[in-house]
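To find a chain, count down the sequence lines: A is the first, B the second, and so on, and within it residues start at 1.
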Number of protein chains: 2
Amino acid sequence: MVTETDTTTQPRIPLTKDRVFSAAIKIADQDGLDALTMRHLAEELGVEAMSLYYHVANKEAVLDGIIDAIMGEIEEAAGGFGPKDDNLDWKSALRQRILTARSVMLRHKWAPSVFETRTTISPVAMRYFDALLGIVREGGFSYDLAHHGMHALGSRSLGFTQELFEPENPDKTDAEEATAMMEQMADQLPYMVGMMMEISHDDPDSTIGWCDDDTEFNFALDLILDGLERLRIAS
Amino acid sequence: MVTETDTTTQPRIPLTKDRVFSAAIKIADQDGLDALTMRHLAEELGVEAMSLYYHVANKEAVLDGIIDAIMGEIEEAAGGFGPKDDNLDWKSALRQRILTARSVMLRHKWAPSVFETRTTISPVAMRYFDALLGIVREGGFSYDLAHHGMHALGSRSLGFTQELFEPENPDKTDAEEATAMMEQMADQLPYMVGMMMEISHDDPDSTIGWCDDDTEFNFALDLILDGLERLRIAS
DNA sequence: ACCTGAACACCGTTCAAGT
DNA sequence: ACCTGAACACCGTTCAAGT
């Protein structure tokens with residue numbers, strides 16, 4: 001029989017790798033990546049920072065772990081990485097998989113930054129890429145073209161693009177600052193000014209530059225997929 | 001008349017922003033980005049860490065400064081961002097500009113990581129993008145398509161791709177580790193194994209995955225440029 | 001005007017020690 | 001087996017003080 005332990009107050013759930021990773025993701029989701037320190041992580045788990053080192057080798061292992069967990073979320077959202085979806089053409093199948101990955105990424109805005117710093121590819125990520133590779137391969141690609149195609153997709157195969165010069169909080173002063181600078185340099189930036197004027201004409205409250213929205217993602221994705229399809233046919 | 005100062009030994013070159021940025025780039029080039037700390041930077045300049053704060057607001061300002069300097073190198077390598085190069089078609093002109101930027105990036109392997117963390121775009125970078133925009137605009141693009149095209153190029157417009165899961169030193173154990181893991185999961189990775197077998201057949205000492213070499217960069221670049229050209233014609 | 005010493009509030013991590 | 005206290009070697013940054 002399970003008897004009540006005679007510890008003082010709470011039964012205290014024991015620490016596990018998974019609990020550590022979950023807490024880490026929670027912190028990053030709520031307070032951003034900078035808030036994810038070993039000390040905060042321990043605090044979130046009601047434990048001393050040093051206790052973490054009994055379960056994980058170091059902070060890198062934590063980051064590896066949360067990326068693996070994210071890939072797990074993608075697998076779950078996709079209903080598994082089973083090889084044959086249905087009778088979709090390769091392009092639709094690939095886009096579907098990628099947009100599923102993207103839906104998970106949008107829940108974890110910090111994830112791209114962590115992906116970039118990983119040096120070893122996680123097992124779940126390997127299976128993810130194998131599934132993508134399978135889709136194009138079964139779609140009639142040579143391994144060589146499939147390989148190039150994966151590189152061409154880059155981070156987009158995981159559902160995100162790393163935007164350059166993107167302010168963290170676009171509603172803040174960064175955007176105004178950039179706009180002010182552009183106005184000051186207006187004579188040196190003829191085309192940017194022209195573009196701004198034309199686009200603001202059509203859409204008064206658009207701001208150029210920090211717009212990695214779904215429109216841009218889908219535009220680039222389709223551009224690459226269409227290009228690959230043409231190369232496949234030509235080969 | 002300029003008299004000899006009565007300071008003890010060396011005349012001591014005074015600190016300037018530019019000297020700070022140059023030293024910072026030198027450190028990053030030689031010892032990597034992690035070695036770029038305010039304390040090391042000061043040491044490199046023969047000064048105490050706190051002295052730096054008289055010339056720059058904080059470390060972010062240093063990072064902004066070295067990115068500006070890198071953009072300056074690109075401008076120099078391109079012989080200026082003058083609007084009209086010659087009688088090249090837009091595609092050749094754009095590729096040329098981008099490959100020039102890439103040649104500078106290859107001298108500063110750490111630069112992509114710093115670019116990703118910038119939240120404000122530097123003035124020189126603005127002029128760079130204006131020049132790119134000018135090339136496609138004069139090549140017959142609408143501003144709308146030009147804008148989408150820039151987003152589609154992403155970091156490639158600056159001459160680099162952020163590779164996922166790229167080991168820092170590919171000659172080290174990371175590659176072996178990844179290969180070992182793949183062999184262990186071979187039954188779950190049918191397509192990766194198939195690809196490896198075929199490619200290693202053609203090229204015995206190739207290793208899959210960490211190959212963001214010029215071949216992949218150019219493949220993806222041309223794929224996107226060709227796609228944009230087709231959209232331009234269709235529009 | 002330009003640089004510095006001392007100090008603060010943080011990091012990740014080790015190691016011997018507790019239960 | 002699991003957790004902790006104390007400590008180490010670092011960070012970026014401030015502020016009053018020196019010349």
Please check the phosphate of [N] (OP1 and OP2 only) for any side-chain N or O of [X] closer than 4.0 Å.
| X | N | answer |
| --- | --- | --- |
| B:S51 | C:dT4 | yes |
| B:H55 | C:dA1 | no |
| A:Y54 | D:dC3 | no |

May I have the distance from [X] (atom [atom1]) to [N] (atom [atom2]), rounded to whole angstrom?
| X | N | atom1 | atom2 | value |
| --- | --- | --- | --- | --- |
| A:L52 | D:dT4 | CG | C1' | 12 Å |
| B:L45 | C:dT4 | CG | C1' | 15 Å |
| B:R19 | C:dC2 | CZ | P | 13 Å |

According to the interplanar angle, ranging from 0 to 90°, do the rings of A:F219 and B:H148 count as parallel (below 30°), tilted (30 to 60°) or perpendicular (above 60°)?
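Taking B:H148 first and then A:F219, their aromatic rings lie parallel (interplane angle under 30°).
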Report the distance from atom [atom1] of [X] to atom [atom2] of [Y], rounding to the nearest 0.5 Å.
| X | Y | atom1 | atom2 | result |
| --- | --- | --- | --- | --- |
| B:M150 | B:L133 | CE | CG | 5.0 Å |
| A:T37 | A:E44 | OG1 | CD | 11.0 Å |
| A:Q30 | A:K26 | CD | NZ | 5.5 Å |
| B:L221 | B:L99 | CG | CG | 6.0 Å |
| A:F160 | A:S113 | CZ | OG | 8.5 Å |
| A:L45 | A:R19 | CG | CZ | 5.5 Å |

Have B:Q162 and A:S155 got a donor and an acceptor in their side chains that come within less than 3.5 Å?
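Checked: B:Q162/A:S155 side chains show no N/O donor-acceptor pair below 3.5 Å.
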What parts of residues 56-67 of chain A reach DNA chain C, counting only heavy atoms under 4.0 Å away?
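Nucleic-acid contacts, sorted: A:N58, A:K59.
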Does a side-chain N-to-carboxylate-O contact under 4.0 Å join A:E48 and A:R39?
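Here A:E48 does not pair with A:R39 in a salt bridge, since their nearest N and O are not under 4.0 Å apart.
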Should the pair B:R102-B:D214 be classified as a salt bridge under the 4.0 Å nitrogen-to-oxygen rule?
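Judged by the 4.0 Å cut-off on N to carboxylate O distance, B:R102 and B:D214 do form a salt bridge.
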If a stem is a run of at least 3 consecutive Watson-Crick or G-U pairs, both distances under 3.5 Å, which stems include DNA chain C?
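In DNA chain C, stems of three or more pairs: C:4-8 with D:12-16, C:12-16 with D:4-8.
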Give a yes or no on whether B:Q188 atom CD has more than 12 heavy-atom contacts from other residues, nucleotides or ligands under 6.0 Å away.
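Correct, the count exceeds 12.
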Using atom names, set out every protein N or O paired with an N or O of nucleotides 5-10 of chain C below 3.5 Å, distance rounded to 0.1 Å.
none

